[in-house]
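Encoded as structure tokens, the structure appears first; notes follow it.
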Amino acid sequence: MRKAAILTTDHLEEFFVYDRLLEAPLKSLGWELTEVSWHAKNHNWDQYDAVIVRSTWDYQAHCEDFLACLQVIDNSAAVLCNSMSLIEWNISKRYLKELENKGVPIIPTLWADELKESNFAAAFAKFDCDEIVIKPYISANADGTYRLTPAKVTEQLPLIMQEYKDRSAMIQPFLTSILEEGEYSLFYFNSQYSHAICKKPAKGDFRVQEEHGGQLTSIEPSKAMFAIAEQTIDALPEEALYARVDIVSLNGALMIIEVELIEPSLYFNMDDTSAEFFANVFASQFA
């Protein structure tokens with residue numbers, strides 16, 4: 001029996017986690033799974049054939065420690081999935097700028113390596129919009145994300161500037177399509193399409209995560225969704241064991257909002273064949 005660790009974090013009780021659906025299909029392929037928190041000290045990573053980064057949903061608050069943990073794993077006998085280099089590339093949302101330079105359409109973005117008060121007025125002017133969204137370069141679960149009108153900028157400016165005192169920020173137009181249509185996620189394992197869902201925020205919210213009340217439905221992607229997702233997969237610096245491509249609509253045009261390569265929920269609960277497909281793709285790498 002080969003051994004793999006699923007890298008998680010502590011205190012996942014408040015989250016929706018579906019990675020245990022991998023246990024049965026991987027066991028049938030000769031793999032034993034063990035959940036290990038990335039906060040575990042002096043853990044023996046050499047005992048595993050592979051470590052799969054999954055629900056590490058507090059890493060954004062401890063980025064340097066998280067990367068140090070991954071480096072220890074990468075230096076061990078275990079194969080880190082996704083790779084260290086891919087995780088380092090994906091950990092800051094500046095990767096979206098690189099994708100844009102390769103022709104992948106992304107949401108128009110004002111990049112603020114050091115947030116200034118003037119960035120807000122510049123964003124409203126640049127995007128010619130009434131609402132904007134600000135989010136950190138490094139974030140998960142919509143942490144540090146604000147939906148702002150000019151009035152709310154004035155009201156919340158001290159709080160936001162304090163929160164972003166030591167953080168870089170990306171500012172984008174708020175997309176009403178997220179409220180009306182939702183956000184689409186297409187899942188790829190080793191560049192092979194698996195399944196897709198639509199995530200819609202709860203009434204009165206704009207965040208699509210389940211933890212914030214978001215509602216999920218399975219979908220069959222359109223040709224246009226497949227086209228932009230596969231363009232994005234082809235633009236990645238290397239092949240990923242797992243990738244979640246998040247797509248939104250802006251004035252009828254599809255655009256990438258994120259490509260999740262570190263700790264995306266893969267929503268195995270939304271497709272009966274997805275966990276088995278993932279297991280087969282994963283195991284084939286070690287055949």
Side-chain angles (χ1 to χ4, degrees), residues 2-9 17-22 25-26 29 31 33-40 43 45 48-60 62-96 98-99 102 104 137-141 185-195 229-246 256-268 274-275 277-287:
R2 307 192 78 169
K3 296 179 69 175
I6 294 283
L7 199 65
T8 67
T9 190
V17 186
Y18 305 109
D19 295 320
R20 288 178 182 168
L21 293 173
L22 291 171
L26 278 173
L29 295 170
W31 284 83
L33 277 189
T34 303
E35 289 186 3
V36 184
S37 170
W38 74 267
H39 294 285
H43 193 74
W45 302 106
Y48 307 108
D49 295 282
V51 176
I52 309 169
V53 183
R54 294 304 314 120
S55 48
T56 57
W57 291 332
D58 60 348
Y59 81 90
Q60 70 279 8
H62 316 276
C63 190
E64 290 185 7
D65 291 340
F66 178 64
L67 288 174
C69 170
L70 296 186
Q71 190 62 66
V72 170
I73 297 170
D74 198 43
N75 292 340
S76 75
V79 176
L80 183 64
C81 306
N82 280 324
S83 73
M84 186 72 192
S85 58
L86 202 53
I87 288 172
E88 288 176 324
W89 179 82
N90 191 235
I91 202 163
S92 168
K93 291 184 173 62
R94 289 287 297 191
Y95 73 82
L96 288 165
E98 294 187 35
L99 291 179
K102 292 184 177 181
V104 176
Y137 283 9
I138 299 175
S139 68
N141 296 309
S185 291
L186 278 64
F187 302 87
Y188 287 81
F189 305 145
N190 268 12
S191 303
Q192 301 172 67
Y193 170 73
S194 171
H195 59 296
E230 288 166 13
Q231 179 188 7
T232 303
I233 292 294
D234 290 344
L236 298 182
E238 61 185 88
E239 189 163 64
L241 170 62
Y242 55 86
R244 194 183 83 199
V245 182
D246 294 336
I256 298 299
I257 186 168
E258 285 197 65
V259 185
E260 299 272 15
L261 306 176
I262 301 177
E263 38 58 72
S265 177
L266 299 175
Y267 295 107
F268 295 122
S274 59
F277 181 43
F278 180 97
N280 284 321
V281 168
F282 167 78
S284 69
Q285 297 187 139
F286 297 87

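If you read the sequence from its start, that first residue is 1, and numbering goes on from there.
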Report the C-alpha separation of Met84 and Leu67 in whole Å, then their side-chain angles, then the decisive distance to 0.1 Å, and conclude whether the side chain to side chain contact (heavy atoms under 4.5 Å, CB included) test is met.
CA-CA 9 Å; Met84 186 72 192; Leu67 288 174; 4.2 Å; yes
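- Atom CG of Asn75 and atom CD of Gln71 lie 4.5 Å apart (nearest 0.5 Å).
- Side-chain atoms of Asp49 do not come within 3.5 Å of backbone N or O of Ala4 as any donor-acceptor pair.
- With sequence neighbours left out, His43 forms a ring pair (Phe, Tyr, Trp, His ring centres under 6.0 Å) with Trp45, Tyr48.
- Evaluation of the side-chain hydrogen bond (donor to acceptor under 3.5 Å, both in side chains) rule for Glu98 yields Trp89 as partners, not counting sequence neighbours.
- For the pair Ile262/Phe66, a side-chain contact is recorded, criterion being any heavy-atom separation below 4.5 Å from C-beta on.
- Judged as a side-chain hydrogen bond (donor to acceptor under 3.5 Å, both in side chains), and not counting sequence neighbours, the contacts of Asp19 are Arg54.
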Stepwise side chain to side chain contact (heavy atoms under 4.5 Å, CB included) check, His39 with Asp58:
CA-CA 10 Å; His39 294 285; Asp58 60 348; 2.7 Å; yes
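- Under the ring pair (Phe, Tyr, Trp, His ring centres under 6.0 Å) criterion, Phe282 pairs with Trp31, Phe286, not counting sequence neighbours.
- Separating the OG1 atom in Thr232 from the CG atom in Leu186 is a distance of 9.5 Å, to the nearest 0.5 Å.
- The salt bridge (Lys or Arg N to Asp or Glu O under 4.0 Å) test applied to Glu35 returns Arg20, not counting sequence neighbours.
- Note: Leu266 CG to Tyr188 OH = 14.0 Å, rounded to the nearest 0.5 Å.
- Side chains of Tyr242 and Ile52 form a contact here, defined as non-hydrogen atoms less than 4.5 Å apart.
- A search for side-chain contact (heavy atoms from CB on, under 4.5 Å) contacts involving Ala279 returns Pro25, Leu26, Leu29, not counting sequence neighbours.
- Under the rule for a salt bridge (Lys or Arg N to Asp or Glu O under 4.0 Å), Asp74 has no partner lying at least two apart in sequence or in another chain.
- Scanning all heavy atoms of the two residues, the minimum distance from Ala229 to Val245 falls at CA-CG1, 4.0 Å.
- Within the 4.5 Å cutoff, the side chain of Val259 has no heavy atoms near those of the Val104 side chain.
- Within the model, atoms CG of Leu261 and CZ of Arg244 stand 10.5 Å from one another, a figure rounded to the nearest 0.5 Å.
- By the ring pair (Phe, Tyr, Trp, His ring centres under 6.0 Å) test, Phe268 is found to be paired with Phe278, residues two or more places apart in sequence or in another chain being considered.
- The two residues Ser55 and Val17 make their nearest non-hydrogen contact at OG-CG1, 4.1 Å.
- The ring pair (Phe, Tyr, Trp, His ring centres under 6.0 Å) check on Phe277 picks up Phe189, with sequence neighbours excluded.
- Applying the side-chain contact (heavy atoms from CB on, under 4.5 Å) test to Asn190 and every residue at least two apart in sequence or in another chain returns Gln192, Glu239, Leu241, Val281, Gln285.
- Here Ile91 contributes atom CD1 and Glu263 contributes atom CD; the two are 9.0 Å apart, rounded to the nearest 0.5 Å.
- With sequence neighbours excluded, the residues forming a side-chain contact (heavy atoms from CB on, under 4.5 Å) with Ser83 are Ser85, Leu86, Glu238, listed by chain and number.
- Residues Ser265 and Trp57 meet the side-chain proximity criterion, which asks for heavy atoms closer than 4.5 Å.
- Legend: residues meeting salt bridge (Lys or Arg N to Asp or Glu O under 4.0 Å) with Asp65, ordered by chain and number and at least two apart, are absent.
- Summarising the geometry of Leu96 relative to Ile257, their closest heavy-atom pair is CD1-O, 3.7 Å, with the distance given to 0.1 Å.
- The CG atom of Leu7 lies 9.0 Å from the CH2 atom of Trp38; values are rounded to the nearest 0.5 Å.
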